There are 2 protein chains.
Amino acid sequence: MRKKTIEDYVELIFILQNKDEKVHTNNVANALDINPASVTEIFQKLSEEGYIDYKKYTGVTLTHKGKKIAISTKKKHDTLKNFLMILGINKKTADIDACKIEHIVNSETMERLTKFVEFVQQFKDGTIWLDHFKHFYDTGEYVKRNHGNSKKDLVSSKQK
Amino acid sequence: MRKKTIEDYVELIFILQNKDEKVHTNNVANALDINPASVTEIFQKLSEEGYIDYKKYTGVTLTHKGKKIAISTKKKHDTLKNFLMILGINKKTADIDACKIEHIVNSETMERLTKFVEFVQQFKDGTIWLDHFKHFYDTGEYVKRNHGNSKKDLVSSKQK
DNA sequence: ATAAATTTTTAGGTTTACCTAAATAATAAT
DNA sequence: ATTATTATTTAGGTAAACCTAAAAATTTAT
């Protein structure tokens with residue numbers, strides 16, 4: 001797997017923290033498929049940098065700083081995932097890609113994507129174009145609606 | 001900067017190759033802002049793995065395999081950039097983000113995005129929704145067109 | 001054609017994110 | 001309460017992508 005970022009670790013600790021009580025090296029090691037010994041090192045580093053409270057053998061909790069990062073990362077993740085799913089990408093793939101993109105994408109881009117998801121979700125009746133896109137994706141044809149007439153008009157992508 | 005992938009190197013060599021005649025350690029070192037000595041190592045590695053033809057001191061050229069990777073990466077890059085620009089992200093940011101996303105995105109996702117860009121580009125008259133989105137991005141309001149009537153109807157995002 | 005300047009390579013670091021194996025601490029079972 | 005089991009940490013690797021400084025090759029200037 002790809003090299004993990006601080007955001008990855010913190011986000012994961014956040015998720016685990018909201019399930020179980022305490023987060024231990026073993027949980028994290030399993031989730032990230034790395035060695036528990038490596039998680040100890042990661043805990044030390046995250047602790048030094050103020051993202052978690054860590055004392056030997058006791059399991060860790062996020063600090064305020066850590067929680068802030070975790071929440072913003074998770075929000076980015078959800079937005080990206082929703083965004084990809086709006087375009088028709090399946091849930092699992094959307095999740096995988098969101099997980100990678102969330103760490104690298106520019107905040108300006110993120111803002112646009114967030115607004116886009118809002119736009120689609122808030123104005124459901126203004127999104128016939130999405131059905132058109134999906135139809136185009138499947139068939140290569142563009143569905144043109146004649147307004148005031150429920151019949152559909154198929155226009156091949158070739159003839160435009 | 002982020003750790004560079006083989007794709008980064010190969011794509012860059014491709015771009016340089018299409019400008020100058022030969023690609024030298026120095027060009028690459030400058031472009032990637034790393035030490036020429038490191039580029040020698042990279043050349044050795046890329047050569048071993050069959051992406052470039054490399055002989056000491058002579059500059060390098062892409063092999064068929066290398067060119068294939070380069071072209072597909074560049075295509076991904078252009079698609080991603082166009083895609084982001086369609087959503088209204090500025091050229092420079094779109095370029096930066098495309099450069100990062102191109103290396104990590106799933107091929108299924110890439111396919112969707114490609115189709116999406118095609119969809120928008122081929123059916124320009126079916127993309128009023130994009131103007132609506134941009135208006136929404138700027139103002140938080142949704143522009144509803146009354147068909148058969150050129151007047152616009154503003155619907156605030158609140159009241160939906 | 002030789003000296004000077006430049007480019008490229010070599011050799012030997014450093015850092016970072018992992019690893020394994022063994023030691024130590026904590027927990028569960030009798 | 002000891003013992004056995006499990007979890008965690010320590011100590012000491014490895015590999016990869018960088019680095020610097022110095023050596024070697026190439027190019028340019030005279």
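Quick caveat: nothing in here was measured; it's all calculated off a predicted structure. Numbered from 1 within each chain, the chains take letters A, B, ... in sequence-line order. Any value given below was found using the heavy atoms of this structure, including those in side chains, with hydrogens, waters and symmetry copies removed.
- Considering only side-chain atoms of I34(B), the nucleotide from dT24(C), dC18(D), dT20(C) that sits closest is dC18(D).
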For residues 31-43 of chain A, which side-chain donor-acceptor pairs fall under 3.5 Å, sequence neighbours excluded?
| residue | atom | partner | partner atom | Å |
| --- | --- | --- | --- | --- |
| N35(A) | OD1 | A37(A) | N | 2.9 |
| T40(A) | OG1 | P36(A) | O | 3.4 |

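- In this entry the distance linking NZ of K55(B) with P of dA25(D) reads 17 Å, nearest Å.
- When the nucleotides dT20(C), dT8(D), dC18(D) are ranked by their closest atom to the side chain of K4(B), dC18(D) comes out on top.
- In this structure, OH of Y54(A) is placed 3 Å from P of dT9(D), rounded to the nearest angstrom.
- Both F83(A) and I104(B) sit in one connected hydrophobic cluster of ILVMFWY residues. Membership requires side-chain heavy atoms under 4.5 Å apart, directly or through other members.
- Taking side-chain N and O atoms only, N26(B) has no distance below 4.0 Å to OP1 or OP2 of dT6(C).
- For K74(B) and D78(B), the salt-bridge test passes: some basic side-chain N is under 4.0 Å from an acidic carboxylate O.
- The side chain of K45(A) contributes an N or O atom lying less than 4.0 Å from OP1 or OP2 of dA17(C).
- In terms of phosphate contacts, K56(A) brings a side-chain nitrogen or oxygen within less than 4.0 Å of OP1 or OP2 of dT10(D).
- In terms of phosphate contacts, Q44(A) brings a side-chain nitrogen or oxygen within less than 4.0 Å of OP1 or OP2 of dT10(D).
- Atom NZ of K3(A) is separated from atom P of dC18(C) by 8 Å (rounded to the nearest Å).
- When heavy atoms are screened at a 4.0 angstrom cut-off, T25(B) is found touching the sugar-phosphate backbone but no base atom.
- As a whole-Å value, the separation of E41(B) CD from dC19(D) P is 9 Å.
- A salt bridge links K100(A) and D97(A); the closest N-O separation between the charged side-chain nitrogens and carboxylate oxygens is under 4.0 Å.
- A cation-pi arrangement is absent between K115(A) and F133(B), since the terminal nitrogen or guanidinium carbon is not both under 6.0 Å from the aromatic centre and inside a 45° cone about the axis.
- Across all strands shown, Y9(B) has heavy atoms under 4.0 Å from sugar-phosphate atoms exclusively, and none from any base.
- The distance between atom CG of N35(B) and atom P of dA21(D), rounded to the nearest whole Å, is 10 Å.
- The CG-P distance, from L46(B) to dT9(C), rounds to 13 Å in whole Å.
- Using a 4.0 Å cut-off, no side-chain N or O of S38(A) falls inside it from OP1 or OP2 of dC18(C).
- Here the P atom of nucleotide dA17(D) and the CG atom of D33(B) are 18 Å apart, to the nearest Å.
- Atom OH in Y57(A) sits roughly 14 Å away from atom P in dA7(D) (whole-Å rounding).
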